[in-house]
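Values below: every heavy atom of this structure, side chains too, minus hydrogens, waters and symmetry copies. Numbers here are sequence positions counted from 1.
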Amino acid sequence: MKYVIAPSILSADFTQLGSEIKQTEDNGASFLHFDVMDGMFVPNISFGIPVMKSIRKATRQIMDAHLMVHDPIRYVEAFRDAGADLITVHYEACPDVAKALVKIKDMGLKAGLSINPDTPVGVVREYLEIVDMILVMSVYPGAGGQKFIRESLDRLRDIRRMIQESGRDIDLQIDGGVTLDNMPEIIEAGANIFVAGSAVFTGDIGENVRKCMEIFRKYE
Ligand code: DX5
Ligand code: ZN
């Protein structure tokens with residue numbers, strides 16, 4: 001199992017964004033998690049296409065676009081053009097989930113499907129033939145720095161089992177309240193891609209990423 005840290009730039013200092021991204025990349029973070037919030041699907045508004053276009057030039061990391069956006073199919077081409085490598089849409093935000101996922105795949109990108117904490121895990125089953133990644137939200141989306149919802153561990157175990165039964169190589173991403181302390185039990189529950197905002201961008205960024213990589217090495 002390949003474990004990956006995906007720093008969420010929502011928690012970065014936007015006056016130092018380029019250098020902070022570089023610190024994550026130089027220390028081993030192969031993904032960059034890009035939290036798009038539209039003020040409709042989630043109360044908050046974050047950032048969008050111009051910011052992605054700009055940071056695309058600054059990093060070779062896999063640009064992991066998390067669209068917390070109502071009816072996200074409207075924007076998938078624009079985010080592809082801005083440099084996204086992977087686009088995740090929310091089950092709760094799509095009038096037609098399969099249509100959105102297929103459109104992302106047809107553009108040659110990886111497709112992710114995210115579920116909120118109170119969405120039953122069984123809803124992902126019918127999409128396991130299409131997706132490249134399932135994102136389990138361990139907070140209610142809309143902000144960084146929230147507390148990890150512990151029921152997410154059982155949800156990860158259930159989905160990891162469904163992925164194994166599908167026989168497909170699907171990544172399982174966890175997002176929200178991930179810290180160095182809870183990372184080991186999250187690994188044991190079956191996640192392999194770890195979004196971390198405040199745990200990476202608070203304090204020494206390079207050291208935080210290196211500590212994540214040290215934890216991963218114990219399990220690889
Ligand atoms: C929340 C976002 C998360 C968040 C993670 O809506 O999807 O990616 O930025 O931040 P932390 O790791 O601080 O919870
Ligand atoms: Zn996110």
Under 3.5 Å side-chain donor-acceptor pair for Asp181 and Thr179: no
Using modelled atom types and a 3.5 Å cut-off, is there a donor and acceptor pairing between side-chain atoms of Gln146 and backbone atoms of Tyr140? yes
Taking side chain as C-beta onward, heavy atoms only, is Glu20 less than 4.5 Å from Thr24? no
To the nearest 0.5 Å, tell me how far Met183 CE sits from Ile215 CD1. 5.5 Å
Judged by atom type as modelled, is there a donor-acceptor pair below 3.5 Å linking the side chain of Asp38 to the main-chain atoms of Met40? yes
Do Phe79 and Val36 touch side chain to side chain, with heavy atoms closer than 4.5 Å? yes
Look at the side chain of Ser46 and the backbone N and O of Met37, then say whether any donor-acceptor pair between them is shorter than 3.5 Å. yes
Does Val195 share a hydrophobic cluster with Val200, counting links as ILVMFWY side-chain heavy atoms below 4.5 Å and allowing steps through other members? no
Give a yes or no on whether the backbone of Thr202 and the side-chain of Asn208 come within a donor-acceptor separation of less than 3.5 Å. yes
Separation between CG (Asp132) and OG1 (Thr88), nearest 0.5 Å, reads 9.5 Å
Value for CG (Leu101) from NZ (Lys105), rounded to nearest 0.5 Å, stands at 9.5 Å
Measure from the side-chain N and O atoms of Gln61 to the backbone N and O of Ala29, and report whether any donor-acceptor pair falls under 3.5 Å. yes
Nearest 0.5 angstrom please: His33 NE2 to Asp64 CG, how far? 5.5 Å
Please list, chain by chain and in numerical order, all residues satisfying ring-ring contact (aromatic ring centres under 6.0 Å, His included) with Tyr75, sequence neighbours excluded. none
Please confirm whether the backbone N or O of Ala82 pairs with a side-chain atom of Arg56, one donor and one acceptor, at under 3.5 Å? no
Considering all heavy atoms of both residues, which atom of Phe201 and which atom of Ser11 are nearest to each other, and what is their separation? CB-O, 3.4 Å
Give me the other members of the hydrophobic cluster that Leu86 sits in, counting Ile, Leu, Val, Met, Phe, Trp and Tyr linked by side-chain heavy atoms under 4.5 Å, directly or via other members. Val4, Phe31, Ile62, Met133, Ile193
Locate the shortest heavy-atom distance separating Gly176 from Phe148; write the atom from each residue and the value. O-CD1, 3.4 Å
Could you check whether His90 and His70 have their ring centres less than 6.0 Å apart? no
So which atom in Ala196 and which in Val178 form the shortest heavy-atom distance, rounded to 0.1 Å? CB-O, 4.4 Å
Does one hydrophobic cluster hold both Val139 and Ile9, with members joined at side-chain heavy-atom distances below 4.5 Å? no
Asn44 side-chain N/O to Ala143 backbone N/O, donor-acceptor pair under 3.5 Å: no
What one should report as the nearest heavy-atom pair of Glu25 and Ala58 is OE1-O, 4.1 Å
Spacing of Met52 atom CE and Asp81 atom CG [to the nearest 0.5 Å]: 11.0 Å
Could you tell me whether the side chain of Asp26 and the main chain of Gln23 form a donor-acceptor pair under 3.5 Å? no
For Arg157, does the CZ atom sit with more than 12 other heavy atoms under 6.0 Å from it, leaving out its own atoms? yes
Give a yes or no answer on whether the side chain of Gln173 reaches the backbone of Phe194 with a donor-acceptor pair at less than 3.5 Å. no
Minimum-distance pair of heavy atoms, taken over all atoms of Val89 and Pro72: CG1-CG, 3.5 Å
Any link between Met137 and Val131 through a network of hydrophobic side chains (Ile, Leu, Val, Met, Phe, Trp, Tyr) touching at under 4.5 Å? no
Are Tyr91 and Ile149 joined in one hydrophobic group, where the rule is that I, L, V, M, F, W and Y side chains link up if heavy atoms are under 4.5 Å apart? no
Using only atom types and a distance under 3.5 Å, with no angle test, would you say the side chain of Ser138 pairs donor to acceptor with the backbone of Asp175? yes
Scan residues 209-220 for pairs that pass salt bridge (charged side-chain N to carboxylate O under 4.0 Å, His left out), counting only residues two or more places apart or in two chains. Glu207-Lys211
Are Met162 and Val121 side-chain neighbours, meaning at least one heavy-atom pair lies under 4.5 Å? yes
Pair Ser166-Glu129, side chain to side chain donor-acceptor pair (under 3.5 Å): steps then yes or no: CA-CA 8 Å; Ser166 78; Glu129 290 310 308; 5.3 Å; no
So how far is it from Arg160 CZ to Asn192 CG, rounded to the nearest 0.5 Å? 5.0 Å
Would you check, one step at a time, whether the test salt bridge (charged side-chain N to carboxylate O under 4.0 Å, His left out) holds for Lys103 with Asp106? CA-CA 5 Å; Lys103 179 161 186 177; Asp106 286 352; over 6 Å; no
Check the hydrophobic clustering (I, L, V, M, F, W, Y; side-chain heavy atoms under 4.5 Å; chains of links allowed) and say if Tyr219 and Ile163 are grouped together. yes
Is any side-chain heavy atom of Leu172 closer than 4.5 Å to a side-chain heavy atom of Leu135? no
Hey, are the side chains of Pro117 and Glu151 touching, using non-hydrogen atoms and a 4.5 Å cut-off? no
Heavy-atom closest pair, residues Met107 and Val76: CE-O, 3.5 Å
